[in-house]
Amino acid sequence: DAGVIQSPRHEVTEMGQEVTLRCKPISGHNSLFWYRQTMMRGLELLIYFNNNVPIDDSGMPEDRFSAKMPNASFSTLKIQPSEPRDSAVYFCASTSRVPDTQYFGPGTRLTVL
Amino acid sequence: AQTVTQSQPEMSVQEAETVTLSCTYDTSESDYYLFWYKQPPSRQMILVIRQEAYKQQNATENRFSVNFQKAAKSFSLKISDSQLGDAAMYFCAYRRGEGSYGKLTFGQGTILTVHP
């Protein structure tokens, strides 16, 4: 299997622009997670889905952040408008009930100027 | 709520030596899983080892082993014969059993430096 796929790997944008991060989970996995990692705050869970349905979005920092999972093989995390403090590495991860292990994508490094 | 604590922000070890990273967790659940993830400078999160709480035997993966003390809620990672490639940030993580959708609670991480 190709593993969890994220795109783009790097994104540089200017403040105020819309940013869309993409994730393709491992085929057959039914839960998908979005994380943000910064030096100051460490690894934060933003939102997660089960069977394409959002279960908990309490980690989403502001209304500027939104996430969708239109089908089992694709999810997006959108930031609109972006701000410099959104600069971070964003990870997508997926898991199935068995064997219960969460697998991470390579991450997207976002820089907002 | 479950919490995971890694009390060692940084650790160092000489190549070929053994090092132990500490992790404690707090839960009232009896069914859960514990994990160690490695994040090298490439930033890829890599699963190192996992432990099911119902198993008394400590998990082992080659040079990596855990000391799982359920009553003490402790889950340490031992790396034997350390290699330069082991240098990374290590995260301890907890996951409830049924009904959790696979959500993980992570510790703060421990940076491991390996000296040649």
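Order of the sequence lines sets the chain letters (A, B, ...), proteins ahead of strands, with each chain counted from 1.
Applying side chain to side chain contact (heavy atoms under 4.5 Å, CB included) to A:Lys24 and the options A:Ser75, A:Ser94, A:Cys92, A:Ser73 leaves one that passes, A:Ser73.
Between A:Tyr35 and A:Phe91, the ring center distance fails the sub-6.0 Å criterion. The aromatic ring centroids of A:Phe104 and A:Phe33 lie 6.0 Å or more from each other. Here the two rings, on B:Tyr32 and B:Tyr94, have centers that are under 6.0 Å apart.
For a residue to count as touching a neighbouring chain, one of its non-hydrogen atoms must lie under 4.5 Å from one of that chain's; by this rule B:Leu47 touches chain A with the side chain only. Only the side chain of A:Asp56 comes within contact range of chain B, with heavy atoms under 4.5 Å apart. Using a 4.5 Å cut-off between heavy atoms, A:Glu44 makes no contact with chain B at all. At a 4.5 Å heavy-atom cutoff, the contact between A:Arg9 and chain B is made by backbone and side-chain atoms alike.
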